[in-house]
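From a predicted model like this one, the values you see are computed outputs, not experimental measurements.
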Amino acid sequence: MACGGCPPDKMSEEAYDFVCTSCDRENKTREAVKYCIECRGYCCQTCTYLHNKFLSLMNHNFIDASRGGLIGSQPTRLPEFPTERCSTHGGKVMDLYCKCHDSVGCVTCMATDHKSCAANQILSIPDMLNSLFNLYDSQQTQKRLRQMMVSLATLDESKDALLKTLNIAKEDAINQVEIFQNALHAVLRKVAESSRKEIEDAYNHLEKEILQDKQTLTITNNVLQDIDKKLDRSVANRAQRFVCTRVAKNKFKEAETMKQQMDDQKDVQLLFRPDHSLMGYIKDLKGIGDVQVITKKKHDLYKLRESKDVNMKLSDETGTCWCWDCCCSLFDNNIIVTDGYSRKLKYVDIQTLTVIQDCVLKGNPFSICCVNQNEVAVACCNPSKIQFVSIQNKIKPTRHFDMTHKCIGIATKADKLYVTDDSSFLYVYDMTGTLLQTISTDKSGNKVFTNSRHIAINESGNKMFVADLNNGLVCFDGEGNYLFTVKDNNLTKVCGVCVDYKGNVFVTGVNSHNVIQYTEKGKKIGVVVKPRDWICRPSSVCYHQGLNRLFVTQWKSDLLKMYELE
């Protein structure tokens, strides 16, 4: 209950044995000095004063510290009463405990929901508090409660990641509809053009026949006109007229026969009748494809549905490509690949699976990661540096900072860059190149790397995975603290690593020629890509969330592998 001139609120972190019940409901922390029997709640000095101000509260009875018991001759603290109100029965205080059901409730709860319980099993919490309360149990319950809160917060973050992924998938699916619609339009244009050509061919054929008939008619008519003139000129010469008459009769017969043939020809019409069954089929369609919602367990093993090769070698290049790494562009969801041999970044259109752009760098690009929607960071060797590249519309190098160690793997999270050196260290920098942290050992001081390679960080940022050629997959928490190392006899020369939004980790074995799927806790789920899937010495792996695909680069190969998953 608010009142003008009330003293300032105490800070919430200030500890009191008892806090005012009314103020606590308003998220204010004030020390209680009395307990109101009628209100069944604790009161601070101000709320106690308010009882004397209103007639309806004036006769309420209070208990203070002097009624709570004595230690020697000194009063202890206020008596302990529950203040939690029942949400079902008009806010009555929950001050009763049922031992049969290990539950608390108000007097109405016990009268209705626990009426079959023995009377000696329904206990008054204030009266039996010393025998009921267990501090350890309360502490353990609170500990589990807080652990559950952390778990729920993590789950909530995973739902955010899922929404983000679904949004990408939705945009890509809509894009696929647009592409297929355009393809259908192209097909319709092609078949329509075929119909137009058929009409043109039919017309040209008919036109040719009619023009030939017209030409025949013109020639015949000219012949008849010529004979007619000769007959006129031979009036005085009977011999000539006789000959002309006989010629005229023959020509007449020929003309008559020709006319009869033309008269007997049928009229010709040129029509186009649309295939209405095609229109009916299209009208009956509910869409131009199937919309599928695929539900699977979080850590089910992915299966390969289709694989394709992307030729990374451009027409003006001679040597074999050394495609070390690839990542999914946040700008347009296309794939960006590093080619160490040509010192280029290559931009791959995920629809046509062709290289549509390339950009030359001053250094051998090894690893790549997205910084934001418009920029990527590239770890370069010879010379060692971190090169930033703009990917908005056209890829081009921008700023960079030089390094004093080899730059192999690279990842970014929360405005930090993580870089490996192909040796014993993982370096953490800010976005200006300032070294923040160096990671190389576990808690006991033992080295965890021998040949540190690619890096992957999960969606929530609380797990980081580093591939080490000899040691396996090394895992850290979000602060860079060592957690565990995954060693697998079926995975040799570990080089590439990436994560999906569900917490699955994909790891490549260069010498085992495979990609294996693990959980974030290091549990093996299974082999996703096997040697029989035409993969050879995979150096890196990238998961495309929108398309549910894996893109895998291969050591000293012109081919980028694309695996469609289900």
Side-chain angles (χ1 to χ4, degrees), residues 309-329 334-348 354-371 375-391 395-398 400-412 417-423 426-427 451-456 466-469 493-498 508-511 513 515 535-542 550-562:
D309 292 336
V310 184
N311 189 354
M312 300 303 300
K313 190 171 182 177
L314 302 178
S315 59
D316 60 345
E317 295 176 346
T318 54
T320 302
C321 297
W322 288 11
C323 296
W324 295 118
D325 195 14
C326 61
C327 74
C328 179
S329 162
N334 286 325
I335 296 295
I336 313 172
V337 182
T338 62
D339 184 349
Y341 181 82
S342 63
R343 292 195 168 198
K344 290 180 179 178
L345 291 188
K346 296 179 177 179
Y347 218 73
V348 178
T354 56
V355 179
I356 56 174
Q357 282 192 63
D358 64 286
C359 169
V360 178
L361 301 180
K362 294 180 180 179
N364 294 99
F366 196 93
S367 294
I368 185 171
C369 68
C370 287
V371 177
E375 191 176 45
V376 296
V378 184
C380 295
C381 299
N382 302 320
S384 294
K385 63 179 177 179
I386 303 301
Q387 176 69 62
F388 293 87
V389 179
S390 171
I391 59 173
I395 54 175
K396 59 181 179 180
T398 54
H400 77 275
F401 47 84
D402 298 323
M403 310 296 284
T404 57
H405 57 79
K406 287 181 70 174
C407 298
I408 300 298
I410 190 168
T412 181
L417 281 173
Y418 300 82
V419 183
T420 60
D421 64 351
D422 196 25
S423 183
L426 169 65
Y427 300 90
N451 291 96
S452 54
R453 287 299 180 106
H454 292 295
I455 312 165
V466 180
D468 188 281
L469 278 179
K493 293 297 180 183
V494 177
C495 188
V497 58
C498 72
T508 68
V510 177
N511 286 1
H513 310 288
V515 180
I535 191 172
C536 182
R537 309 196 76 184
S539 61
S540 75
V541 59
C542 168
L550 283 182
F551 288 88
V552 182
T553 62
Q554 303 176 108
W555 190 72
K556 288 188 178 181
S557 173
D558 293 333
L559 300 180
L560 171 70
K561 304 293 292 188
M562 185 283 291

Legend entry - Interatomic spacing from CG in Asp402 to NZ in Lys385 - rounded to 0.5 Å: 7.0 Å

Inset, instruction - Measure the CG-CZ distance between Leu417 and Phe388 for me, rounded to the nearest 0.5 Å. - result: 5.0 Å

Legend entry - Results of salt bridge (charged side-chain N to carboxylate O under 4.0 Å, His left out) for Asp421 - residues two or more places apart only: none

Legend entry - Heavy-atom side-chain proximity of Pro397 to Cys359 below 4.5 angstrom: yes

Legend entry - Heavy-atom donor-acceptor pair, Glu317 side chain to Ser342 backbone, under 3.5 Å: no

Inset, instruction - Search all heavy atoms of Gly496 against all heavy atoms of Val541 and return the closest pair with its distance. - result: C-CG1, 4.1 Å

Inset, instruction - Report the residues that fulfil side-chain hydrogen bond (donor to acceptor under 3.5 Å, both in side chains) with Asp468, sequence neighbours left out, ordered by chain and then residue number. - result: Thr450

Inset, instruction - Working to the nearest 0.5 Å, report the span between CG of Asp325 and SG of Cys542. - result: 8.0 Å

Inset, instruction - May I have the step-by-step check of side chain to side chain contact (heavy atoms under 4.5 Å, CB included) for Thr338 and Leu345, ending in yes or no? - result: CA-CA 5 Å; Thr338 62; Leu345 291 188; 3.6 Å; yes

Inset, instruction - Nearest 0.5 Å please: distance from the CD1 atom of Ile408 over to the OG atom of Ser367. - result: 7.0 Å

Inset, instruction - Write down the atom of Thr398, the atom of Val389, and the distance for their closest heavy-atom approach. - result: OG1-N, 4.0 Å

Legend entry - Check: Thr318 main-chain N/O paired with Lys313 side-chain donor or acceptor under 3.5 Å: yes

Inset, instruction - Test Leu426 against Ser452 for side chain to side chain contact (heavy atoms under 4.5 Å, CB included), laying out the working first. - result: CA-CA 7 Å; Leu426 169 65; Ser452 54; over 6 Å; no

Inset, instruction - Look at the rings of His405 and Tyr427 and say which category their plane angle falls in: under 30° parallel, 30 to 60° tilted, over 60° perpendicular. - result: parallel

Inset, instruction - With sequence neighbours left out, write down each residue that passes ring-ring contact (aromatic ring centres under 6.0 Å, His included) with Phe366, or none if nothing qualifies. - result: Trp324, His454

Inset, instruction - Can you tell me which residue pairs pass the salt bridge (charged side-chain N to carboxylate O under 4.0 Å, His left out) test with a partner in residues 355-367, sequence neighbours excluded? - result: Lys344-Asp358

Inset, instruction - Say whether, by atom type as modelled, one donor and one acceptor occur between the side chain of Thr553 and the main chain of Ser540 under 3.5 angstrom. - result: yes

Inset, instruction - Could you tell me which residues satisfy side-chain hydrogen bond (donor to acceptor under 3.5 Å, both in side chains) with Tyr347, sequence neighbours excluded, listed by chain and number? - result: Ser329, Asp332

Inset, instruction - Kindly compute the distance separating CG (Leu559) from CG (Asn311), expressed to the nearest 0.5 Å. - result: 6.0 Å

Legend entry - Between NZ on residue Lys493 and OG on residue Ser539, distance to nearest 0.5 Å: 14.5 Å

Inset, instruction - Report yes or no: does Ser384 contribute a side-chain atom to a donor-acceptor pair with the main-chain N or O of Thr404 at less than 3.5 Å? - result: no

Legend entry - Check: Met312 main-chain N/O paired with Lys346 side-chain donor or acceptor under 3.5 Å: yes

Legend entry - N/O donor-acceptor pair under 3.5 Å between Asp558 side chain and Cys321 backbone: yes

Inset, instruction - Write down the atom of Thr508, the atom of Pro538, and the distance for their closest heavy-atom approach. - result: OG1-O, 3.3 Å

Inset, instruction - Would you name the heavy atoms of Leu550 and Cys498 that are closest together and state the gap between them? - result: CD2-SG, 4.5 Å

Inset, instruction - Find out whether His400 and Ile386 are in side-chain contact, i.e. whether some heavy atom of one side chain is under 4.5 Å from a heavy atom of the other. - result: no

Legend entry - Heavy-atom side-chain contact between Leu361 and Cys380 under 4.5 Å: yes

Legend entry - Closest non-hydrogen atom pair, Pro365 against Asp339: CG-O, 3.7 Å

Inset, instruction - Can you see which heavy atom on Tyr418 is nearest to which on Ile455, and at what distance? - result: O-CD1, 3.2 Å

Legend entry - Donor-acceptor contact present, side-chain Ser390 to main-chain Lys396, <3.5 Å: no

Legend entry - Ile335 side chain reached by Cys328 side chain, heavy atoms, under 4.5 Å: yes

Legend entry - Set of side-chain hydrogen bond (donor to acceptor under 3.5 Å, both in side chains) partners for Asn382, sequence neighbours left out: none

Legend entry - Residue pair Ile535 / Gln554, side-chain heavy-atom distance below 4.5 Å: yes

